[in-house]
Amino acid sequence: MSQFVNKTVEDIKEIILAAAGKAVAEGKFPGEPLPAFSVEIPADRAHGDYAVNAAMVWARNLKNAPRKIAETLLSYADFSGSCIERFEIAGPGFINLFLSDRFYAGVLEEIEERGEDYGSSDMGKGQKVMVEFVSANPTGPMHIGNARGGALGDCLAAVLEKAGYQVSREFYVNDAGNQIQKFGNSLSARYLQIYKGEENVPFPEDGYQGADIKARAAEFAEIHGDAYVEKSEEERRQALVDYALPKNIDGLREDLAAYRIQYDTWFRESTLYNDGELKAVLEDMKARGLTYEKEGALWYKATEHGGEKDEVLVRANGNPTYFAGDIAYHHNKFAVRGFDRVINVWGADHHGHVARLKGAMDAIGLDGSKLDIVLMQLVRLVRDGEVVRVSKRTGKSITLKTLLDEVPVDAARFIFNMREPNTHLEFDLDLAVEQSSQNPVYYVQYAHARICSLFKNLKAEGVEPRACSTEELCALRAPEERELIRHLAGFTGEVEAAAKAYDPARMTRYVLELATLFHKFYTACRIKGEAEPLMQARLALASATASVLRNVLGMLKITAPESM
């Protein structure tokens, strides 16, 4: 909750507890310990701005009917000096409270005072959290799933930061293991085909077929000519990987930077091999009795720790599996770098990997419950109502890069965050570029631009906004004004809810509703031409709205234009 809203809720709790204390002192209530009660916002604001369930929760302890308890509490409750204007008892004993003008003025005063900091919370208490997301295989370009994962992971990290966590964004570079072996084999075959012909050099059955592999091999040939044709397969493959892999990784960095994503750490899988960390973790697992050998391979007793079947850690040829590397990598996250919580954003096709990895953390003495996996469903691109798989411009499959050639970054980041991660997302390419209120990001940005234009036009007429007194802000009593202010007051609560649920889509929903409520207010409540005090109060409300719009869009790394 915002500081002001939080204080209001705490005041209500103190008033109710003080009333109970007075009732006990005068013999109306027995001196029994009383359980905690809640102060909540009713679904229907006609029933009040807050609802207190103390009478319901205390009925058993006080051995009385909830409604009778509520009547007694309200007979002793002193709401003077608080933001509560009136109260009533509803149903079997809910205490419904209605806010005074002072509350609405206080929300606007807090927004004005805190500015960019408004919406921030200390919920996270500075806990050290890592969000690992995208981590695309560097053997090829990023696909549309990575585009959704990038927007989702980056915005989740921003929400957690706003909620008071110390957040680190991380990209895990798979630059070792089986996929790099396949990458090298694929490059080597394409390189040899340049000089010997495709018909004379068979391509590996499990090789990477992408055009990018051909392009990298051709670049290498342009530099080195046929110098590596007669080299050993191992030397040729290593030279091609040493050339192509850094270029691919640089390409990932560039594409993600264009998407406004900057990582704190690019963690290379190869460091786990080179530093001996993977070997040390495997030795520790052996010492804990977590492994056994079978048919020349090293196996992990996964079934004893939540897995559906035992897993190979080291193949018979001596090569560690991806799962072994993953265990070592997460050991590094917790035991070496000391993160309090780790969040991985994965595609839904990895769901079978969740339980076994969390179980492995428990098995090696770390707390698997501190590892959270956000599973992300597939994206379907549509244009003219039809599913799209190729770029209109290039005729090739749509990657993150080709998507951003067609769609503004603002639209991509917003639309990819409009659904919960575990729901399928349909991305309408036509809508994403449309400049109308049908385009959700345009609609929100237009609200901000509209406010900026309002101030600019008034300034041209010699009208400057000024600080308003509490009494002037208390005059904002129209239903549209109250509804807008209540929504502004809920911003911090939405940030906290999004952080708890790992659901940054709550932010896009919140800001869309904010834009809607502003447009509704702006249509219903005249600003220009009103008496000066009311005009200034409404300008203060418009200014507060613009401030919160900027705060939300800033979290999403989306621009807040001043004109459109």
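- Here the two rings, on Phe267 and Phe171, have centers that are 6.0 Å apart or farther.
- For Phe94 and His47, the gap between ring centers reaches or exceeds 6.0 Å.
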Passes side chain to side chain donor-acceptor pair (under 3.5 Å), Arg486 versus Tyr104? Steps please. CA-CA 7 Å; Arg486 281 197 296 264; Tyr104 294 94; 3.0 Å; yes
One pair to check against salt bridge (charged side-chain N to carboxylate O under 4.0 Å, His left out): Glu481 and Lys520. What are the steps and the verdict?
CA-CA 9 Å; Glu481 293 166 335; Lys520 187 177 173 184; over 6 Å; no
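- Residues Leu473 and Glu109 form a side-chain contact, since some pair of their non-hydrogen atoms from C-beta on lies under 4.5 Å apart.
- No side-chain heavy atom of Glu170 sits less than 4.5 Å from a side-chain heavy atom of Asp264.
- When only modelled atom types and interatomic distance are considered, Tyr172 and Arg268 share no side-chain donor-acceptor pair under 3.5 Å.
- Taking the ring centre of Tyr76 as origin, the terminal cationic atom of Lys22 falls outside the region bounded by 6.0 Å and 45° from the ring axis.
- Proximity of Tyr259 to Arg413: side-chain heavy atoms (C-beta onward) are separated by under 4.5 Å at one or more points.
- Seen from the ring of Phe98, Arg86 counts as a face-on cation partner, given the 6.0 Å and 45° thresholds.
- With no hydrogens or angles considered, no side-chain donor-acceptor pair links Gln438 and Ser436 at under 3.5 Å.
- Between the side chains of His448 and Arg550, a donor-acceptor pair is found at a separation under 3.5 Å.
- Although no hydrogens or angles enter the test, the distance criterion places no donor-acceptor pair under 3.5 Å between the side chain of Asp372 and the main chain of Asn344.
- Distance alone, capped at 3.5 Å, places no donor-acceptor pair between the Gln536 side chain and the Pro533 backbone.
- In this structure, the ring of Tyr263 has its center less than 6.0 angstrom from the ring center of Phe133.
- Checked against the 6.0 Å centroid threshold, Phe334 and Phe339 do not count as a close aromatic pair.
- Classified by interplanar angle (parallel below 30°, tilted 30° to 60°, perpendicular above 60°), the ring pair Phe491/Tyr118 is tilted.
- For Asp49 (side chain) and Leu99 (main-chain N/O), a donor-acceptor pair under 3.5 Å exists by modelled atom type.
- A donor-acceptor contact closer than 3.5 angstrom links the side chains of Ser120 and Asp117.
- A donor-acceptor contact under 3.5 angstrom links the side chains of Glu496 and Ser121, judged on distance only.
- Of all heavy-atom pairs spanning Asn417 and Pro504, the tightest one is OD1-CG, 3.3 Å.
- Between the side chains of Thr559 and Gln445, at least one donor N or O sits under 3.5 Å from an acceptor N or O.
- Counting heavy atoms from C-beta outward, Met361 and Leu357 have side chains that approach closer than 4.5 Å.
- For the residue pair His519 and Arg450, a side-chain donor N or O sits within less than 3.5 Å of a side-chain acceptor on the partner.
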Review point. Can you check salt bridge (charged side-chain N to carboxylate O under 4.0 Å, His left out) on Arg509 and Asp503, steps first, answer last?
Key: CA-CA 11 Å; Arg509 291 195 293 271; Asp503 180 19; 3.3 Å; yes
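- Closest non-hydrogen pair, Gln3 versus Glu110, comes out as N-OE2, 2.9 Å.
- A donor-acceptor pair is defined here as one N or O able to donate and one able to accept, closer than 3.5 Å; such a pair exists between the side chain of Asn439 and the backbone of Ala432.
- Note: Trp346 and His330 have perpendicular aromatic rings, judged against thresholds of 30 and 60 degrees for the angle between ring planes.
- Residues Glu277 and Thr271 have side chains that never bring a donor and an acceptor to within less than 3.5 angstrom of each other.
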